[in-house]
Amino acid sequence: MTRSLRIGLPVLFLLGALTAAHGNEAAPPRERVPPRGRKEVLPRGARRVSLTVEVDDRVKEMRLQVPANLLPPAAPTAPARGAGAWHLPTVVAGVALTLSLTTGGLWLLRRGTTRRAAAGALLLGLFALGGAALFANAPMFVRPVPQFAAPAGPPATLLLPADVRLSPNIVVEVVEKGDGVKLIVNKAMLGKPGTSAAAPAPAPQKAD
Amino acid sequence: MSSSASLRPERGAALPAPAGFVCAALGIVLGAAVLAGWAPVRFSIVTVFLFAGPHNWLEARYFLTRLPARWGRLRGFFLLAFAGTFALTAAFAGLLWLGERDTLGPQTWEHGYAALNTALVLWVALLVHLRSRQNPRRDWAWVWPVAFALIAVAWLVPPQWGLGLVYLHPLLAFWLLDRELRRSRPEWRPAFHACLACLPLFLGALWWKLADAPPLTGGELTERITQHAGAGLLPGVSSHLLVSTHTFLEMLHYGVWVVAIPLIGLRAAPWRLAAVPLARRGAAWRCGLTAFLAAGLCVVLALWACFLVDYTTTRTVYFTVAMLHVLAEVPFLLRAL
């Protein structure tokens, strides 16, 4: 191998590592102008569904039935990463990289005349790689999800078109079938039109 | 004691000049690029049907020409080469077969695939090491750091590593052709290098033209072809672009093995065994080699028949066992270096 190649390869390695470091930096935040005259943009994962109110005297508590297909898919459970847990590909890759650096260092040192320069370049390369790992941990730019502002103060009883007073405690059921959300109430939970705002809110019950 | 065949062309033989070589090569490259970009799936189907079998047979025939009659000190190298080629091919085929039958869980399959790729890298590194100790000796100790770095990549991103093999394998033929030209037609090498330098231009033109191409749609066969080209692993890249690129490179690979190497590397017609060192060992060896090549021709014919009966299944089976010729190229390339 020629002298120039011996010096050039570590420099190339160094430059490559630095490029990776910048490539993984967090992108600058962009200011987003709210669209005018367009349909409201829903947050990620949100859907438009119908809400129906059903009166059923057999129910004792308000029930909110949500079809299972409206729920987001369950996130895969991450494997346990306790003190004794280990991830085989990461372990093998780490061992292989260690062997790569070790054998590469030995090879460079055996080259003879340019070993000092080569070892220095390898050391610099290691620092550059460390810098790349540091930058790679910077958080990625994530588009801000618009949040619905929660009303200030305690939850109030609201008047629905069917004059239903929503209590703070609703039994939420996930049902297998259906395309929309259904609220099941009994007749006692129905109020007179226009009176809900003044109606006293029932006290929230303690969760079991 | 090892021996090898002389590759010097006979004087007076009618061979095309380098200019003709360049024109023919660029013509094939241009035609392949246009067809691969215009109708990638159909072009892929036709090229695999036409050339998959014959190019394997011609590869085997070329390797016979390069195999010494007596291995002597190369015995360890060739034993490791053949053992690794057959064992790794069987292991890869077995793993893919188990994967198709859903016998293994996804994590087990991925770990098994990474382990096999590790074995593959170590096998190649060991062959390089053995080759470096043969005459003329070379300092190829850099192979170990490179091999371990590749093993790390194979474990971190196993599917992408496999995809890299799919795309890099066609380029291996260019390296072998270059070594063959150096040995047989050194005056053609500059022209060949000029053709190679044009290759990125053709690839760039393909990518520029197809960067926003709509994805390929179709039945099971189209799905398999796009998956083979990496559409499932690179969701942000147009499947049309991926299949075109892969088909283009495959066509060049076939062109090297079906046209260029027989023209340059074989001293005689493929069916004449006078230039095969093993055939000189005796009548029994000659009969054995003749039977081997005849059986190979039967396999080519059977492959064509199977393609006509059930193209999709045959293509899947072919690409499963095609690992054999991919691996076989490695030791013979190393011997040519």
Side-chain angles (χ1 to χ4, degrees), chain A residues 1-14 16-17 20 23-24 27 76-81 85-115 118-119 121-123 125-126 128-129 132-133 136 140, chain B residues 91 95 99 104-133 136-165 233-237 334 337:
Chain A
M1 181 174 285
T2 61
R3 183 189 175 88
S4 58
L5 198 57
R6 268 179 277 173
I7 298 169
L9 275 179
V11 173
L12 277 178
F13 173 69
L14 182 65
N24 284 333
T77 52
R81 294 291 180 93
W86 55 286
H87 190 230
L88 182 63
T90 311
V91 171
V92 178
V95 171
L97 281 177
T98 307
L99 288 171
S100 175
L101 286 172
T102 309
T103 50
L106 287 173
W107 172 64
L108 283 174
L109 287 174
R110 283 178 58 193
R111 300 298 302 164
T113 52
T114 55
R115 60 185 178 185
L122 184 70
L123 202 63
L126 277 174
L129 206 63
M140 290 282 291
Chain B
L95 188 71
L104 304 173
Q107 196 178 42
T108 311
W109 192 92
E110 205 163 283
H111 289 176
Y113 189 61
L116 278 182
N117 281 323
T118 303
L120 167 63
V121 172
L122 289 176
W123 174 71
V124 174
L126 205 54
L127 285 176
V128 172
H129 176 72
L130 289 177
R131 176 68 184 89
S132 70
R133 294 171 65 182
R137 289 176 182 270
R138 295 173 174 88
D139 181 14
W140 283 349
W142 51 262
V143 72
W144 293 108
V146 172
F148 286 122
L150 287 175
I151 287 171
V153 176
W155 278 91
L156 289 174
V157 281
Q160 284 81 357
W161 204 94
L163 187 65
L165 274 188
L233 296 174
L234 304 168
V237 184
L334 287 173
L337 292 177

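None of these values were measured; they are calculated from a predicted model. Letters A, B, ... are given to chains in the order of the sequence lines, protein chains preceding strands, and every chain is numbered from 1.
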**Message:** Looking at B:Gln160, I'd like to know if its CD atom is crowded, meaning that more than 12 non-hydrogen atoms belonging to other residues, nucleotides or ligands lie closer than 6.0 Å.
**Reply:** yes
**Request:** Would you give the length of the straight line joining atom OG1 of A:Thr90 to atom CG of B:Leu156, rounded to the nearest 0.5 angstrom?
**Result:** 6.5 Å
**Selection from B:Ala147, B:Pro158, B:Ala149 maximising heavy-atom pairs under 4.5 Å formed with chain A** = B:Ala149
**Message:** Under the side chain to side chain contact (heavy atoms under 4.5 Å, CB included) test against B:Pro145, which residue among A:Thr102, A:Leu106, A:Thr103 passes?
**Reply:** A:Thr103
**Item:** Contact winner vs chain B - A:Leu97, A:Val95, A:Leu99, heavy-atom pairs under 4.5 Å
**Value:** A:Leu99
**Asked** Checking B:Ala114 against chain A: side chain, backbone, both or neither under 4.5 Å from a heavy atom?
**Response** neither
**Asked** Can you tell if the side chain of B:Phe148 reaches within under 4.5 Å of the side chain of A:Thr98, non-hydrogen atoms only?
**Response** no
